[in-house]
Number of protein chains: 4
Amino acid sequence: MSGNTIGKLFRVTTFGESHGKALGAVIDGCPPGLSLTEEYIQKELEKRRPGKVSGQSPRKEKDKVEILSGVFEGYTIGTPIALLIYNVDVDSSAYEKIKNVFRPGHADFTYFIKYGGYRDYRGGGRSSGRETVARVAAGAVAKRVLEEYGIEVIAYTISLGGIEVKEKNLEVIYKNHLFCPDMSAYEKMCEKIEETKKEGDSLGGVVEVLAKGVPAGLGEPVFDKLSADLAKAICSIGAVKGIEMGAGFKVAYMKGSENNDPITPYGFLKNDAGGILGGISSGQDIIIRVAVKPIPSIKKIQKTINEKKEEVEISIGGRHDISAIPRIVPVIEAMVRIVLADHLLRQLANLAFQKRLKFPDFFKD
Amino acid sequence: MSGNTIGKLFRVTTFGESHGKALGAVIDGCPPGLSLTEEYIQKELEKRRPGKVSGQSPRKEKDKVEILSGVFEGYTIGTPIALLIYNVDVDSSAYEKIKNVFRPGHADFTYFIKYGGYRDYRGGGRSSGRETVARVAAGAVAKRVLEEYGIEVIAYTISLGGIEVKEKNLEVIYKNHLFCPDMSAYEKMCEKIEETKKEGDSLGGVVEVLAKGVPAGLGEPVFDKLSADLAKAICSIGAVKGIEMGAGFKVAYMKGSENNDPITPYGFLKNDAGGILGGISSGQDIIIRVAVKPIPSIKKIQKTINEKKEEVEISIGGRHDISAIPRIVPVIEAMVRIVLADHLLRQLANLAFQKRLKFPDFFKD
Amino acid sequence: MSGNTIGKLFRVTTFGESHGKALGAVIDGCPPGLSLTEEYIQKELEKRRPGKVSGQSPRKEKDKVEILSGVFEGYTIGTPIALLIYNVDVDSSAYEKIKNVFRPGHADFTYFIKYGGYRDYRGGGRSSGRETVARVAAGAVAKRVLEEYGIEVIAYTISLGGIEVKEKNLEVIYKNHLFCPDMSAYEKMCEKIEETKKEGDSLGGVVEVLAKGVPAGLGEPVFDKLSADLAKAICSIGAVKGIEMGAGFKVAYMKGSENNDPITPYGFLKNDAGGILGGISSGQDIIIRVAVKPIPSIKKIQKTINEKKEEVEISIGGRHDISAIPRIVPVIEAMVRIVLADHLLRQLANLAFQKRLKFPDFFKD
Amino acid sequence: MSGNTIGKLFRVTTFGESHGKALGAVIDGCPPGLSLTEEYIQKELEKRRPGKVSGQSPRKEKDKVEILSGVFEGYTIGTPIALLIYNVDVDSSAYEKIKNVFRPGHADFTYFIKYGGYRDYRGGGRSSGRETVARVAAGAVAKRVLEEYGIEVIAYTISLGGIEVKEKNLEVIYKNHLFCPDMSAYEKMCEKIEETKKEGDSLGGVVEVLAKGVPAGLGEPVFDKLSADLAKAICSIGAVKGIEMGAGFKVAYMKGSENNDPITPYGFLKNDAGGILGGISSGQDIIIRVAVKPIPSIKKIQKTINEKKEEVEISIGGRHDISAIPRIVPVIEAMVRIVLADHLLRQLANLAFQKRLKFPDFFKD
């Protein structure tokens with residue numbers, strides 16, 4: 001029970017079902033004095049909106065975020081920041097006929113079991129990818145926190161439908177709708193998407209996320225390692241089936257002498273560790289790759305059963321994305337930011353004590 | 001700060017440095033009435049002891065566990081179970097000369113930064129793999145919890161030094177010191193280890209972990225997904241650089257129609273999801289693979305620096321393992337068990353309320 | 001940082017400033033299958049609305065609650081329940097002139113210090129008593145949980161402005177606007193309020209809260225005792241300066257032979273313990289008394305200072321209540337319910353394991 | 001389940017039964033670089049040892065604390081500090097004959113119900129006052145944290161067996177075994193204790209605790225108010241039946257104009273708030289009074305029942321204290337210190353961010 005909160009000092013709680021009244025997030029622990037506007041948050045939300053290019057559903061999600069609390073005259077005030085996104089123009093009619101059916105690859109079955117049959121079947125309810133809109137909104141607040149320390153988080157697609165990027169030119173990722181750092185791979189990805197769309201099928205991929213400017217010292221022994229909390233945060237996104245840090249699964253085939261990153265007086269010579277040593281940030285870039293499964297909603301006919309254990313065939317209609325990429329890209333960024341903001345504050349407590357940071361004394365100062 | 005506790009209802013807190021006085025764990029939230037003995041826990045600890053075969057350090061770790069509390073007349077009583085393992089016959093002399101040196105691939109540098117120079121350099125202190133002895137002890141208590149529900153967790157080596165298993169015969173994994181389910185691969189792994197030992201180097205590998213008998217319904221939306229909590233728990237082990245569930249990174253190359261597991265009136269037809277749908281267990285086996293980096297302590301000469309930013313060369317002497325495998329195998333089992341025990345109890349609260357489970361009424365019953 | 005959440009399995013997070021856009025609560029961990037409507041919650045909110053009788057401010061707070069998530073077709077579905085109350089017709093003009101002044105007895109000074117000068121001064125911001133509207137809304141959800149187990153929580157005024165009740169006739173508490181169980185004391189309290197109003201002053205009082213039908217066994221050793229969690233929850237209400245359980249402060253003057261509640265085969269002979277033994281509910285009524293300070297906002301002229309440390313005099317205008325009673329009565333009920341719902345679920349996990357409660361097996365059942 | 005941990009950044013987990021093998025505490029979140037020795041902690045433990053004067057049991061509790069981890073070469077290193085106190089020379093024979101009996105005023109009954117009959121009856125098991133030895137040990141670590149910021153916590157007896165102190169001379173509290181700040185009241189208390197001892201009965205009392213030097217700004221809105229967390233921490237001590245802060249229950253009889261503490265450019269004119277405004281420390285002394293019930297173990301014959309619901313009479317033998325005072329005095333100090341250390345670190349995170357405290361950059365600095 002009660003698993004909708006993440007973080008310790010910078011805490012994010014989200015709520016909302018896909019076709020319910022609204023989705024939102026409460027961010028508790030954001031420090032005071034940060035400028036924050038709805039426009040700023042909205043900009044992050046736009047990143048996950050359907051582009052004009054193929055592969056994404058033509059739904060018009062009018063995701064307008066409202067700041068309900070925690071901000072006064074444009075600045076955060078240390079109190080919880082509640083963010084709200086009303087669901088508008090929701091049409092749930094398509095779900096009426098499959099309300100008792102367990103869609104393969106979806107959480108219909110597990111929610112049905114877990115909650116004794118009480119579930120909002122419309123659009124996947126709480127288990128919908130749409131839930132992540134609240135994460136992205138909360139991630140925008142984390143972004144503000146990190147900006148003050150010059151920490152930047154950026155995610156991009158490195159593989160989609162079997163097409164791998166050949167180069168990582170981060171300058172082009174906002175110039176194409178797949179956040180792809182290789183324009184030539186991007187073209188092929190688009191073709192692959194078109195082709196798959198015709199087949200009524202969907203595609204998986206790999207997203208890489210990079211955190212730059214993270215100071216050394218973030219992360220706590222032994223369970224709340226930065227790597228562990230990042231793993232949790234990213235794996236809490238529905239479509240994720242694997243993650244790897246730095247050299248990742250390749251470490252299985254490396255020797256210690258290859259894998260270890262030599263240290264010089266001027267820094268590390270390479271970064272196979274992915275910026276984390278012993279669970280604590282080393283000051284190098286943090287690099288994580290994320291395996292994203294193909295969207296389970298496909299037009300192709302699938303065999304499954306309904307709540308009465310009867311066999312049924314379903315074809316899930318055309319408004320769905322072909323891949324969780326690119327929508328998942330800003331979500332991954334958001335989750336990484338939330339974890340970094342949390343660990344930043346935790347390490348600041350440690351650091352401030354080490355420095356015996358003085359408390360203000362109003363009557364004497 | 002304060003990251004040495006994991007779990008919500010079944011909570012494990014560990015403590016202890018590699019060459020300190022003792023290591024231990026406090027398990028808070030273990031239900032009453034479970035038989036539990038030091039022998040039972042000791043048996044799990046033995047799994048991580050150096051075998052007779054090559055590849056592991058000849059150190060004799062006399063890890064004797066003591067139960068200090070929470071057990072009365074052989075049964076748990078619902079109060080915290082404190083487990084203690086004294087460090088005996090510790091020889092820290094080898095560390096004296098490298099006390100100011102940052103060993104590559106180790107947490108020496110990050111601990112130094114994080115804690116302002118205060119650290120127990122001996123044997124890696126809190127960041128040592130030895131810390132996991134407390135996890136394995138705590139995992140034994142989780143094992144008792146799971147046994148009552150017929151849940152079994154088993155981990156084994158599927159790749160070591162580039163040698164992959166060809167078959168997964170779980171019956172042989174306790175018949176070889178690498179927990180390898182393929183005796184022919186095991187032979188090759190041993191050869192590889194011998195060879196690497198001569199080179200003064202170390203090896204990485206991949207461990208797979210399987211949880212059988214997990215009921216459907218464990219895991220919470222949206223952040224405390226079972227997959228997310230497993231990811232955190234496993235990635236909190238020092239040597240882990242990646243994990244994948246079910247089809248894992250292969251999903252990136254699959255189509256939805258391939259990846260979705262069809263559901264029939266008799267169950268799922270396959271298990272590419274790895275037993276978790278929407279973050280909640282589906283009743284199928286949970287399958288996770290874990291990338292384990294090569295042990296960073298190697299005899300081969302490495303370049304690094306000391307606390308004064310001076311360049312130094314180090315060769316880390318011979319008592320070290322060649323691979324974190326097999327020692328990490330029982331640790332992975334332990335972490336998976338701790339997470340499952342926690343989520344079992346969380347779902348029991350949910351289920352009990354759904355059934356309106358009656359409270360005992362002593363004076364009326 | 002981040003202190004706006006309470007509870008472990010039944011978790012309540014609140015947000016909102018007094019004159020901000022909205023206030024609300026997210027309840028995470030409410031079990032599925034409970035009927036829940038906005039009308040039901042609204043009814044609890046009405047309890048804290050200004051009555052027609054003297055002593056309360058004539059403000060018309062149009063507190064309309066909206067359920068944003070977690071409820072589908074009239075039933076909870078196990079996902080977070082977000083409750084929203086927009087602030088309407090807010091007039092903050094009265095606060096403009098005292099925006100830089102620290103009102104005595106208020107949190108103006110401490111918020112100013114804590115948050116480095118960033119604060120919403122309008123109506124006390126987050127530190128306003130108005131914040132409790134979100135607690136009452138969340139408490140209504142807890143009430144639904146408790147109803148299923150026949151647990152009832154009721155609070156009432158036993159002392160106001162020095163007038164003590166002589167009898168505790170719970171049947172009349174909803175027949176007077178002070179939730180007073182003694183109609184004759186009620187009359188005197190009203191007179192006292194009128195008189196105090198003329199003086200431009202305010203009054204304190206004592207509220208008693210009673211929880212009936214609580215099963216034995218709720219509460220956890222040693223820190224999360226039921227008594228400890230109730231103490232925290234009640235003391236988290238701004239105006240509370242003391243609480244006592246059962247015989248309370250009288251125990252200081254009792255002997256063990258007087259204070260101990262004798263146990264017979266048919267139950268306890270008396271209830272000086274207030275229903276809690278060793279921090280765990282005993283099955284008897286839980287009884288707590290709460291000291292409520294006089295409202296600090298008074299018309300009488302007070303000396304204080306502003307943010308520049310200049311001396312100022314203030315008179316806080318007429319729209320304020322004379323006492324936090326009766327508005328605090330439903331808030332105390334709400335907090336007690338939230339704690340009980342949380343501990344109910346925690347003990348259900350324990351109980352369910354003790355009974356080895358079976359998980360559903362969809363494919364076999 | 002799992003209620004044996006308190007605190008968020010400075011976290012204390014305790015374990016141990018009264019007559020079990022050992023008791024102890026794990027402190028997670030103590031900053032590095034603090035000098036800490038077993039002698040220092042031992043000194044705090046001595047405070048709760050039986051004095052030579054009447055009223056306290058003549059048992060010789062040889063409570064020797066061991067530091068097992070988290071301290072290296074005399075300084076904390078940021079990792080969990082495990083403290084252990086073995087139970088030595090325990091004689092449980094006296095409990096054998098009452099093992100099935102529910103002692104009135106004790107937790108025997110509630111533990112029996114909660115844990116389905118599994119309990120360590122010897123000396124009250126986990127519910128024994130002896131459990132608090134681990135709190136006092138942990139409190140000593142908190143004391144070290146607070147010392148660095150000049151924060152001092154001191155508790156003393158202001159009422160015992162109906163004898164009230166007339167003056168509060170803190171200089172004499174360590175000169176008498178009851179921590180009484182009035183030597184003349186102390187004499188009478190001793191007489192009262194002697195007299196009660198002859199009656200085979202026990203006494204309650206009131207302890208006051210004072211925290212000096214607490215900076216303004218500690219405590220979080222709205223649930224983790226400093227007042228709320230202090231209330232929880234203190235009420236988690238078994239014998240406590242009430243607490244009040246500042247003017248406490250007297251506020252019920254005060255007017256706003258009396259209760260409000262006027263603010264001047266030089267500070268507050270009085271301290272009826274007890275140092276906490278809106279849940280946040282104001283920089284004034286924190287003052288709390290605690291109602292302590294008489295020890296339930298008395299020689300006088302009491303009627304009760306056993307586990308089979310049979311009526312029995314018991315007389316609980318002579319080795320017991322007559323009052324929880326003075327043993328509870330250091331326990332109250334410890335709990336207040338633990339809460340203050342936790343909130344100090346939480347506010348330091350806030351403050352450090354406000355100041356944009358710089359992280360060290362090893363390679364550039």
Side-chain angles (χ1 to χ4, degrees), chain A residues 8-11 28-34 70 76-80 145-146 148-151 213-218 220-224 263-268 280-284 341-365, chain D residues 8-11 28-34 70 76-80 145-146 148-151 213-218 220-224 263-268 280-284 341-365:
Chain A
K8 193 156 190 165
L9 285 191
F10 186 88
R11 285 171 79 77
D28 190 8
C30 182
L34 289 176
T76 61
I77 55 173
T79 59
V145 170
L146 299 179
E148 299 296 308
Y149 275 89
I151 301 168
V214 178
L218 307 199
E220 305 293 333
V222 289
F223 297 122
D224 293 358
I263 319 176
T264 78
Y266 317 101
F268 292 87
I280 299 169
S281 64
S282 66
Q284 288 201 281
D342 188 41
H343 276 282
L344 182 91
L345 291 170
R346 289 168 79 168
Q347 175 61 358
L348 277 178
N350 182 0
L351 214 57
F353 188 90
Q354 286 179 39
K355 305 244 179 223
R356 303 295 186 272
L357 186 67
K358 272 199 182 165
F359 285 86
D361 186 337
F362 182 77
F363 295 109
K364 289 191 186 150
D365 287 348
Chain D
K8 193 156 189 165
L9 286 190
F10 186 88
R11 286 172 78 77
D28 190 8
C30 182
L34 289 176
T76 61
I77 55 173
T79 59
V145 170
L146 300 179
E148 300 297 308
Y149 275 89
I151 301 168
V214 178
L218 308 199
E220 305 293 333
V222 292
F223 297 121
D224 292 359
I263 318 176
T264 78
Y266 317 101
F268 294 87
I280 298 169
S281 64
S282 66
Q284 288 201 280
D342 188 40
H343 276 283
L344 181 91
L345 291 170
R346 288 168 79 169
Q347 175 62 356
L348 277 178
N350 182 1
L351 214 58
F353 188 89
Q354 286 179 40
K355 306 242 178 223
R356 302 296 186 272
L357 185 67
K358 272 199 182 164
F359 285 85
D361 186 337
F362 181 76
F363 295 110
K364 289 191 185 150
D365 286 348

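Every chain is numbered from 1 and lettered A, B, ... according to where its sequence line falls, protein lines coming before strand lines.
Of the two parts of A:Y266, only the backbone, made up of N, CA, C and O, holds a non-hydrogen atom closer than 4.5 Å to a non-hydrogen atom of chain D. In this structure, the portion of A:Y149 lying under 4.5 Å from any heavy atom of chain D is its side chain and not its backbone. Looking at A:K364, there are no atoms closer than 4.5 Å to chain D (heavy atoms on both sides), in backbone or side chain. Using a 4.5 Å cut-off between heavy atoms, A:N350 contacts chain D through its side chain alone, with no backbone atom that close. Heavy atoms of A:L344 lying under 4.5 Å from chain D belong to its backbone as well as its side chain. Contacts of A:V222 with chain D are absent, with no heavy-atom separation under 4.5 Å from either backbone or side chain.
Of the listed residues A:A349, A:P221, A:G78, A:G29, the one with more heavy-atom pairs under 4.5 angstrom with chain D than any other is A:A349. Contact tally against chain A (heavy-atom pairs below 4.5 Å) for D:G33, D:G217, D:P265: the top residue is D:P265.
Side-chain contact between D:P32 and A:Q354: present, with at least one pair of heavy atoms (C-beta onward) separated by less than 4.5 Å. By the 4.5 Å heavy-atom criterion applied to side chains, A:V145 and A:C30 are counted as neighbours.
One finds the CG atom of A:L218 at 13.0 Å from the CG atom of A:D224 (value rounded to the nearest 0.5 Å). Note: D:Q347 CD to A:L357 CG = 9.5 Å, rounded to the nearest 0.5 Å. Taken to the nearest 0.5 Å, the NZ atom of D:K8 stands 6.5 Å off from the CG atom of A:L9.
Under the 3.5 Å distance criterion, the side-chain polar atoms of A:D28 are left unmatched by any main-chain donor or acceptor of A:P80.
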